[in-house]
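No hydrogens, no waters, no symmetry mates; every other heavy atom, side chains included, goes into these values.
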Amino acid sequence: GHLTPEEFRDEFRKISGLEVSDHKLDGAWNALLIGFREERIRLIERIKEHYNIFLLSNSNIIHYKRYRQEFEDEFGYKTFDELFLEAFFSFEIGMRKPDHGIYEYVADKLDVKRSETLFIDDTEANIIAARETGLRGKFLDLANKEDLMDLFTEAGKLKESGEF
């Protein structure tokens with residue numbers, strides 16, 4: 001969350017020993033992005049009819065610029081705040097998951113009851129840290145083909161579960 005794009009690129013070059021242009025480096029870095037699944041976006045649209053939903057992403061500005069444009073081109077949303085009540089990005093707030101401070105920052109900024117706030121993530125360390133700050137957490141185990149679609153009804157309501 002603290003590195004500028006220039007610092008990120010310079011650090012990559014230093015670690016890798018490669019002399020590569022900013023343009024090529026950004027292209028390779030953005031090749032890691034997998035895009036948006038339309039059915040997930042449509043589900044989030046239904047979920048927000050029932051719940052206050054927020055986005056918390058470990059992103060750097062290089063990735064953000066790329067997928068924000070894809071998000072607008074594919075779904076017509078100019079910002080993530082149009083789909084979510086508010087979106088938080090590590091490059092903007094200078095913290096990243098799983099640092100406890102990021103969860104505390106978001107919960108305090110939103111003034112939410114942590115015990116009533118469900119954090120869903122596909123990295124177990126992020127869920128553990130969120131729980132340690134008082135949030136409820138659900139680890140989305142992508143390796144075992146678990147999907148966000150499995151947690152909600154077709155109408156966008158959270159399925160009852162005792163695990164979170």
task: Let me see the working for Ile53 and Ile44 under side-chain contact (heavy atoms from CB on, under 4.5 Å), right down to the final yes or no.
output: CA-CA 8 Å; Ile53 60 171; Ile44 292 170; 3.3 Å; yes
Could you tell me if the side chain of [Y] sits less than 4.5 Å from the side chain of [X], heavy atoms only?
X	Y	value
Asn126	Phe119	yes
Phe71	Lys78	no
Asp26	Arg9	yes
Ile102	Leu56	yes
Ile120	Leu148	yes
His50	Phe152	no

- prompt: Please, which pairs that meet side-chain hydrogen bond (donor to acceptor under 3.5 Å, both in side chains) have at least one residue in residues 14-24, sequence neighbours excluded?
  reply: Arg13-Asp22
Can any side-chain N or O of [X] pair as donor or acceptor with the backbone N or O of [Y] at less than 3.5 Å?
X	Y	result
Lys109	Glu104	no
Arg46	Glu154	yes
Thr4	Glu7	yes
Asn58	Arg96	no
Asp121	Thr123	yes
Arg114	Thr133	yes
Tyr103	Lys97	no
Asp150	Asp147	yes

task: Say whether Leu140 and Ile128 are linked into one hydrophobic cluster, either directly or through other cluster members, by side-chain heavy-atom distances under 4.5 angstrom.
output: no
Single-linkage hydrophobic cluster, 4.5 Å side-chain cutoff, Leu3 and Val20 together: no
Within this structure, what is the [atom1]-[atom2] distance for the pair [X] and [Y], rounded to the nearest 0.5 Å?
X	Y	atom1	atom2	value
Leu83	Leu55	CG	CG	8.5 Å
Lys157	Glu49	NZ	CD	10.5 Å
Leu142	Asp122	CG	CG	4.5 Å
Lys159	Thr153	NZ	OG1	7.5 Å
Ile62	Glu6	CD1	CD	8.0 Å
Ile127	Asp141	CD1	CG	11.0 Å

Could you pull out the closest heavy-atom pair between [X] and [Y], with the gap in Å?
X	Y	value
Ala129	Pro98	CB-O, 3.1 Å
Glu146	Phe139	OE1-O, 3.3 Å
Leu151	Lys138	CD2-CE, 3.6 Å
Pro5	Ile61	CG-CG2, 2.9 Å

message: Could you go through Arg131 and Leu135, starting from their C-alpha distance and side-chain angles, then the distance that decides it, and tell me whether this counts as side-chain contact (heavy atoms from CB on, under 4.5 Å)?
response: CA-CA 5 Å; Arg131 287 177 177 160; Leu135 298 170; over 6 Å; no
query: Listed by chain and number, what are the side-chain hydrogen bond (donor to acceptor under 3.5 Å, both in side chains) partners of Ser57, not counting sequence neighbours?
result: Ser59
- request: Assign the ring pair Phe91 / Tyr64 to parallel, tilted or perpendicular, where the plane angle (0 to 90°) is split at 30° and 60°.
  value: tilted
- prompt: Parallel, tilted or perpendicular: which describes the rings of His63 and Trp29, with under 30° parallel and over 60° perpendicular?
  reply: parallel
- request: Mind jotting down which residue pairs meet the salt bridge (charged side-chain N to carboxylate O under 4.0 Å, His left out) criterion with at least one end in residues 60-69? Sequence neighbours excluded, please.
  value: Arg66-Glu70, Arg68-Glu72
- request: Output, in order, the C-alpha distance, side-chain angles, deciding distance and verdict of ring-ring contact (aromatic ring centres under 6.0 Å, His included) for Phe54 and Phe84.
  value: CA-CA 5 Å; Phe54 309 94; Phe84 300 91; 8.6 Å; no
query: Between Phe80 and Tyr67, does the ring centroid distance fall short of 6.0 Å?
result: yes
message: Run His100 and Tyr105 through side-chain contact (heavy atoms from CB on, under 4.5 Å) and show every step you take.
response: CA-CA 9 Å; His100 288 100; Tyr105 172 86; over 6 Å; no
- request: Could you please spell out the steps behind the side-chain contact (heavy atoms from CB on, under 4.5 Å) verdict for Tyr77 and Glu45?
  value: CA-CA 12 Å; Tyr77 291 105; Glu45 291 170 339; 2.6 Å; yes
